[in-house]
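Below is one structure, written out as structure tokens, with a few remarks after it.
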Amino acid sequence: MTTVVILGAGALGSLWAARLSRTHKVLILDRPQASGRDKRFSFTLQDSKGSLAYHLLRIAPSALANHSTDAGLLLLVCCKSYDLVKALEGVQAWLPEGTALVLFQNGLKSQHEAARRFPHWPIYAAVTTEGANRTSPAQVIHAGTGVTWIGAFNALASETQAQQIAQTLSASGLQVQAQSDISSRLWQKLAINAVINPWTALLGCRNGELRQASRFTDSYGALCAEIASIMNAATASHWTAAELQHLVDGVIERTALNRSSMLQDVQAGRQTEIEQITGFLVEQAERLGIDCPRNRELLQAVLKLSPENHQ
């Protein structure tokens, strides 16, 4: 049986760890420099059925080979997008050959960087609508069920293995599907995040409250048109602003009570993922010769909220 290793045990990583530990051996990967810490990773997961405590094994990257089985390791990488490359650099010396890497990051910039920097491992990208929040260091809430799509992202990855990974992750009880064209899913989520996340961070509001904010509604249509133009040029797709707006409307409605991850980061004084989301769109627009003033404005406005600009 495949051993599942979690790199980045935040809210989402803890959710997968808890659910998969019912049927698989699950390990929490520690930072290489960490020492003297409790080898148990303990937390409580709360969902609609109640709360349950989990006590999982935390290991150093140097111990990975000791836990590999004939079926190999599956590495779920759930850290923030801006930490992805550094996190993989910290463990690559101990990753057994052939270990599949499944990347759960927001945006698209960090996945491309990882594919360039780590070409010797099969890399898969994941797009998920599962909602998980960490309310304290030892408390995780499964705030909303969704769907997770898994697809091949580099030359060593295959659709066959993507299907195998989806089957493994389905043992969690969460809904998981293999996706032959994961790029389209990634771009759709990127577009949605590029509309909702920056504005909720700037306005300090929940997703559903965006519709009552004139600053958002006044620029909403034009922002969607700008993002659609970039998507179409980058991927040879044919999105209209109205289609993208309809997609975003649906997400706002379904997640009306949610606080976006970017809003949570701003409120906690943490770095945001704006450069991996809106920053990536601006880079693509520059490459393609597309003007994107609204995305540029959002990028600069959210960057000003970063903790390094308030020291």
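In this chain, residues are counted from 1 in sequence order.
Taking the ring centroids of Y124 and W149, they lie at or beyond the 6.0 Å cut-off. Checked against a 6.0 Å centroid threshold, the rings of H112 and F153 count as neighbours.
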Handout entry: Verdict with reasoning, H24 to T168, per side chain to side chain contact (heavy atoms under 4.5 Å, CB included)
Key = CA-CA 9 Å; H24 286 71; T168 295; 3.7 Å; yes
Practice task
Applying ring-ring contact (aromatic ring centres under 6.0 Å, His included), run through F104 and W16 and close with a yes or a no.
Solution key: CA-CA 11 Å; F104 278 85; W16 284 108; 5.7 Å; yes
Exercise for the section: Determine, step by step, whether T3 and H67 satisfy the side chain to side chain donor-acceptor pair (under 3.5 Å) criterion, reporting the C-alpha distance in whole Å, the side-chain angles of both residues, the deciding distance to 0.1 Å, and the verdict. Expected result: CA-CA 8 Å; T3 296; H67 294 274; over 6 Å; no
Handout entry: Residue pair I192, L247: steps toward the side chain to side chain contact (heavy atoms under 4.5 Å, CB included) verdict
Key = CA-CA 8 Å; I192 293 166; L247 185 66; 3.8 Å; yes
Practice task
Give the intermediate values and the outcome of side chain to side chain donor-acceptor pair (under 3.5 Å) for residues S81 and E273.
Solution key: CA-CA 7 Å; S81 58; E273 294 177 305; 3.0 Å; yes
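Taking the side chain as every heavy atom from C-beta outward, V176 and I150 approach each other to under 4.5 Å. Counting heavy atoms from C-beta outward, V4 and K25 have side chains that stay 4.5 Å or more apart. Taking 4.5 Å as the limit, some side-chain heavy atom of I196 sits within range of a side-chain heavy atom of V248.
Note that CZ of R294 is 15.5 Å distant from CG of L299, once rounded to the nearest 0.5 Å. Distance CG/L95 to CG/L64: 6.0 Å, rounded to 0.5 Å. The CG atom of L202 sits 11.5 Å away from atom CZ of F216, with the distance rounded to the nearest 0.5 Å. For the atom pair NE2 (H142) and CG (L15), the distance works out to 5.0 Å, reported to the nearest 0.5 Å. Taking CD of Q177 as the reference point, atom OG of S170 lies at 8.5 Å (rounded to 0.5 Å).
A donor-acceptor contact closer than 3.5 angstrom is absent between the side chains of T200 and R259. Side-chain polar atoms of Q105 and Q276 form no donor-acceptor pair below 3.5 angstrom. Using a 3.5 Å distance cut-off with no hydrogens or angles, the side chains of N106 and Y82 do not pair a donor with an acceptor. A donor atom on one side chain and an acceptor atom on the other are not found under 3.5 Å apart for S158 and T160.
Ion pairing between a basic and an acidic side chain is recognised when a charged N comes within 4.0 Å of a carboxylate O; R296 and E286 show such pairing. Under 4.0 Å is where a charged nitrogen must lie from a carboxylate oxygen, and between K39 and D30 no such pair does. For K109 and E283, the salt-bridge test passes: some basic side-chain N is under 4.0 Å from an acidic carboxylate O.
The neighbour count for E97 CD, taken as heavy atoms of other residues, nucleotides or ligands under 6.0 Å away, does not exceed 12. Summarising the local packing, CD of E159 is surrounded by 12 or fewer heavy atoms from other residues, nucleotides or ligands at distances under 6.0 Å. No more than 12 heavy atoms of other residues, nucleotides or ligands lie within 6.0 Å of CD in Q167, so this atom counts as exposed by the packing criterion.
The backbone N or O of N258 lies less than 3.5 Å from no partner atom in the side chain of T255, so there is not a single donor-acceptor pair.
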